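Letters A, B, ... are given to chains in the order of the sequence lines, protein chains preceding strands, and every chain is numbered from 1. Please read all numbers here as calculations on a predicted model, not as lab measurements.
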2 protein chains.
Amino acid sequence: MTRPKYELVADELSRRAGDLAAHDALPSERELMQQLGVSRMTVRRAIEQLVRRGLVYQVQGSGTFVADPAVVTKTLRLTSFTEDMEQRGLTPTTTVRSTGSTGASAEIARRLGIEPGEEVFVLERLRLADGTPMALERVHLPALGIDWASVDPGTSLYAQMAAEGWTVERAAQTIEAVNLDRETAHALDQAVGAAALRVTRVTYTEAGRPVEHAMTIYRGDRYGYDLVISRDAG
Amino acid sequence: MTRPKYELVADELSRRAGDLAAHDALPSERELMQQLGVSRMTVRRAIEQLVRRGLVYQVQGSGTFVADPAVVTKTLRLTSFTEDMEQRGLTPTTTVRSTGSTGASAEIARRLGIEPGEEVFVLERLRLADGTPMALERVHLPALGIDWASVDPGTSLYAQMAAEGWTVERAAQTIEAVNLDRETAHALDQAVGAAALRVTRVTYTEAGRPVEHAMTIYRGDRYGYDLVISRDAG
DNA sequence: AAGTGGTCTAGACCACCGC
DNA sequence: CGGTGGTCTAGACCACTTC
C-alpha cells in the first residue's frame, strides 16, 4: 500500500508554498499537471487538502495563493490526553484512582446507546503533565466484547479498542466552566472554588457507535482549549 | 448560478438515507450513476459530503452504509453569538457598553498582525439571551478601511465586514476557565468568583488576514460549548 | 479575449471484502 | 471470483477574473 499520488503532489506543493511569501500565486492547475505529469483531478485533489489545512486559498478566475501563515495549521483533531500533552512539550503520566463495573445510569445509558442498568466499566484516572496534576477523568465504557477488567487502565484506551477492531473516529464534546468542589480540588491540588474546565465527551466509531463516555475536569490555571474552526460545515 | 449537480445528488442521497435504518447499505456507486444519470465522480463527490457530515460511512470492498444517527450533524461551524443563541431557541439582544479608538497593545497588535500603537477600534458589548446577561465581550478591530465609528455597534460586525469585502472564513479560539472578578461578575449578574468561560478568538479571512480580536466571558452556569471533532485533520 | 478555478463525463485499473 | 470503494486519466464546458 504505497501512498496515493495526490498525497505526494500535496507534499510537493506544500514544500513549494513554504518557499513562497504570503499571497504569492502557485502555478495554475494546468501548468502543474504538465510539470508533475499527473492529471488535473489529481492536482485539484492535492490542492483541496492544502486548502482544508489552511495553507493556500483559491480564487475563481484568478488563481491559487499562499495563505498568511498566522493561523498556523493547528486544525481541530480528535486527540488523546497523551498526544495533547506531548504536543505541548510536556510528559504525560497517569495515576489510576479506581476501576470497577457498575450498572449504567439513565444518563450514561442514553449517551452510550445502551439500556439503563446494563454493565459498564468505570475508570477514574488522574492525569499529570511533568508530574503536576492536570485533570481528573471519569470514563464509562460499554462492554464491546472487551474484558476491560484485564486491561491495564494506565494505557491508551483507544489503542485497546483499536486492537479489538473498534476505531474511534469522531467525538461530541461539551465544554463548561465549573467551580471545583472539595474532593476534586484536593485531587488537582487546587483551592476549593477555583475555576476549572469540565469536558464531557462521547466518542464514536465511523459508523456512529458510541464506545466511550468521559467526563474530565481540567485545572483552569494550567489548561486551555485551543481550536480552529471554519465557516463552512463541510 | 444554479446549484451544482453533486449537491442535488447529495440532497437526494440524504433523503434516502433518512428512510433507511442505521447500518443499512446504500446502492453501490455504479448503481447510483445509472439511477441518477450522472457520472461516478459526481456520485462520489456527493457521498463525500455526507461522510463529512457523519451521515454515512464507507467500507472499501463492502459498501456505503447509513451511520447511527446518535452523533447528530452538529458539526463545528464558525458562528456569531446571534446564530448561536437562535440555534438554542433563545432571543439574542445586545447592549453596547462603550466604543472608541485606541492604540493597539503589543499583545493585540501581534495577534492582529499590525504594529503596536496602530489605531484599533474597541467595542465592549453585553450579550443577552431572552433578556438574561449571557456574555461580556470586548472586541478589537483593525482599521480595514472601514469607518468603524459610524457603524452601529449593536449589529453584526461580520455583516459589516462582508459589505466591505472582508469575508470571515476561519477563527482560532482559546477556551479557558476563569473566576469572575468583581466588575465582570456585576455586569453578568453573577457572584464574584463564579466560574466562567473565557473565549479568546482571532478571526481571519480565507487568505489568512486577521480582521477581529474578541475576548468574551460567558456565564458558566448558562453557557456550554458544544463541538464535534473527528480524527483526521483533513 | 485569454487564463483561471469549478464542474462534469466516460472510461480505466487497483485494493479489498465476501462468498 | 464478482462486486465494492479508492485512485487516476484525458478530455470537455462553464463561471469568473483580468486585461
Suppose we screen for side-chain contact (heavy atoms from CB on, under 4.5 Å). Which residues come up paired with B:Gln60, at least two apart in sequence or across chains?
none
Identify whether any heavy atom of A:Arg40 sits under 4.0 Å from a base atom; if not, whether one sits that close to sugar-phosphate; answer base, sugar-phosphate or nothing.
base
With the side chain of B:Val38 defined as its heavy atoms from C-beta on, choose the nearest nucleotide among C:dT9, D:dT9, D:dT7.
C:dT9
note: B:Arg45, atom CZ; D:dG6, atom P; distance rounded to Å ~ 16 Å
A:Glu48 atom CD is separated from D:dC8 atom P, nearest whole Å, by 13 Å
Test of understanding: with side chain to side chain donor-acceptor pair (under 3.5 Å), list the residues that count as partners of B:Glu29, not counting sequence neighbours.
B:Arg40, B:Arg44, B:Gln58
Using the 3.5 Å cut-off, write out each protein N or O paired with an N or O of nucleotides 17-19 of chain C and the distance between them.
from, atom 1, to, atom 2, distance (Å)
C:dC17, O4', B:Gly61, O, 3.4

Between A:Gly63 and B:Gly37, which has a closest nucleotide on DNA chain C that is more 5'?
A:Gly63
State which residues pass side-chain contact (heavy atoms from CB on, under 4.5 Å) with B:Asp152; sequence neighbours excluded, sorted by chain then number.
B:Thr155
Taking ring-ring contact (aromatic ring centres under 6.0 Å, His included) as the definition, give me every residue that meets it alongside A:Tyr6, ordered by chain and number, with sequence neighbours left out.
none
CD of A:Gln58 versus C1' of C:dT7: gap in Å, rounded?
13 Å
Whole-Å distance between D:dT9 P and B:Arg44 CZ?
15 Å
Separation of D:dC13 C1' from B:Lys5 NZ (nearest whole Å)
12 Å
Indicate every side-chain donor-acceptor pair of residues 101-110 of chain A with a distance under 3.5 Å to a residue at least two apart or in another chain.
from, atom 1, to, atom 2, distance (Å)
A:Ser101, OG, A:Glu119, OE2, 3.3
A:Ser105, OG, A:Ile108, N, 3.2
A:Glu107, OE2, A:Arg110, NH2, 3.1
A:Glu107, OE2, A:Arg111, NE, 3.1
A:Glu107, OE2, A:Arg111, NH2, 2.6

Can you tell me the distance, in whole Å, between the CE atom of A:Met41 and the C1' atom of C:dG11?
13 Å
Please give, in whole Å, the distance from C:dA10 P to B:Gln34 CD?
11 Å
If only side-chain N and O atoms of A:Thr42 are considered, is one of them under 4.0 Å from the OP1 or OP2 phosphate oxygen of D:dT9?
yes
Closer than 4.0 Å, any side-chain N/O of A:Tyr6 to the OP1 or OP2 of D:dT7?
yes
Parallel under 30°, tilted from 30 to 60°, perpendicular over 60°: which one fits the rings of A:Trp148 and A:Phe121?
parallel
Looking at A:Asp84 and A:Arg88, does any basic side-chain N land under 4.0 Å from a carboxylate oxygen?
yes
At a heavy-atom distance below 4.0 Å, what parts of residues 20-33 of chain B sit against DNA chain C?
B:Arg30
Sequence neighbours excluded, the answer for ring-ring contact (aromatic ring centres under 6.0 Å, His included) partners of B:Phe81 is none
Nearest-Å distance for atom pair CZ/C1', residues A:Phe65 and D:dC16:
13 Å
Among all residues two or more places apart in sequence or in another chain, which pass the side chain to side chain donor-acceptor pair (under 3.5 Å) test with A:Ser39?
A:Thr42
